[in-house]
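Per chain, numbering begins at 1; letters A, B, ... match sequence-line order. As a basis for the values below, the full set of heavy atoms in this structure was taken, side chains included, without hydrogen atoms, waters or symmetry mates.
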2 protein chains.
Amino acid sequence: MSLNHNHQRCIDDAMAMARHRCSERGARLTPIRADILKLIWASHQPVGAYDLLESLSARSERRSTPPTVYRALDFLLEQGLIHRIASLNAFVGCNDPGHGHSGHFLICKDCNNATELLADGIGTAIQSAARQQDFTIDSQSVEIVGRCKHCAGQND
Amino acid sequence: MSLNHNHQRCIDDAMAMARHRCSERGARLTPIRADILKLIWASHQPVGAYDLLESLSARSERRSTPPTVYRALDFLLEQGLIHRIASLNAFVGCNDPGHGHSGHFLICKDCNNATELLADGIGTAIQSAARQQDFTIDSQSVEIVGRCKHCAGQND
DNA sequence: GGTTTAATGTTATAATATTGCATTAACCGA
DNA sequence: TCGGTTAATGCAATATTATAACATTAAACC
């Protein structure tokens, strides 16, 4: 990422959306939770829980512990504000909480950016395949690993 | 699973396929690797590495250690004989090594069976979405969690 | 204000996975 | 078939990710 996009805008938008969504649902975006969300949105690269733990400990004088982070993560997942990338054991902000909340990602193995796919085609294909087997979907995760446009451009 | 399917046949087929594929590729399906593969094929439910470790230790007198299991798993993954289900930290046999090796699964949260989807629609949709963003795919993982036909029939 | 519930702090530990190095087994050319 | 080379396994330690259990503090609400 970093090219032709103002990332502060991403962060601001995400935080505004999060505040709105939480107030709407009567959920409390406490300081810790907001901190974790901000740290996740610091980039478009999925971040591990223990990295968040380090950053969180760095920004407040008090040393945080794993449960603090995991509880905040659980909350953010419940509210649909972040996604967990299972193949990386890492977390990334959700661009569009609410919108079906699909969780389909392109993950670049070079720059590590995880781009959420908002195209409907994949979800539709999955639903139709599942229906053919009378399978009722709870959640779907699609994690596509490869190389993004930008990194493919680099010589390697 | 277990209903209307002879599972011994699954195991035998899988082992035969594995032997064939390995000899074809000049890879060695050693006793440990074959044992692990057999243990994975003992059911259609993804199995964790430490469960495999237990079973392996049980069947030979000698107590095995994690690297033994993980090395065998790495080998089997490389040969395309098994899949890793990231959302479960578990491993399951591949029905059709060779065939694009997609790794698309329906995972029933009740019976835990993981059924590989061999329909092409999903892969095609993913490829087209990736192409639109000039993303080059290395590997794709699709993990759909929900309830299978059989378990939906049960009252719960 | 006092009660209830939600959130956080704290310690310990579980579950999953890897590193590094020693040893043994298989392969392969002479 | 011997000896050298590579691949596979044994083994001990440790890294990484995640959770359990219980105490304490803060917020919400009447």
Could you check B:His83, B:His44, B:His104 and say which one makes a side chain to side chain donor-acceptor pair (under 3.5 Å) with B:Glu116?
B:His83

Contact boundaries of DNA chain C with chain B (under 4.0 Å, heavy atoms), 5' to 3'?
C:dT16 to C:dA26

Using whole Å, what does the distance between atom P of nucleotide D:dT9 and atom CG of B:Asp35 come to?
10 Å

On DNA chain D, compare the nucleotides closest to A:Tyr70 and B:Phe75; which residue's is nearer the 5' end?
B:Phe75

Using whole Å, what does the distance between atom C1' of nucleotide D:dA18 and atom CG of A:Leu88 come to?
16 Å

Using the side chain to side chain contact (heavy atoms under 4.5 Å, CB included) definition, which of the options B:Ile85, B:Ile36, B:Ile82 pairs with B:Phe91?
B:Ile82

Inspect the contact between B:Arg147 and A:Asp138 and indicate whether a charged nitrogen and a carboxylate oxygen are less than 4.0 angstrom apart.
no

Taking atom types as modelled, find out whether B:Arg21 and B:Gln79 have a side-chain donor-acceptor pair closer than 3.5 angstrom.
no

Do A:Glu143 and B:Ser141 get their side chains close enough for a donor-acceptor pair, meaning under 3.5 Å?
no

note: B:Asn89, atom CG; D:dT19, atom C1'; distance rounded to Å ~ 14 Å

Taking the side chain as C-beta and beyond, is there a heavy-atom pair between B:Val142 and B:Ile126 under 4.5 Å?
yes

Can you check whether B:Asp110 reaches B:Cys148 side chain to side chain, under 4.5 Å on heavy atoms?
no

Side chains of B:Arg33 and B:Leu37 in contact at under 4.5 Å (non-hydrogen atoms)
no

Near DNA chain C, which residues from residues 46-69 of chain B have a heavy atom under 4.0 Å away?
B:Tyr50, B:Pro66, B:Pro67

Give one of base, sugar-phosphate or nothing for B:Arg71, where a contact means two heavy atoms less than 4.0 Å apart.
base

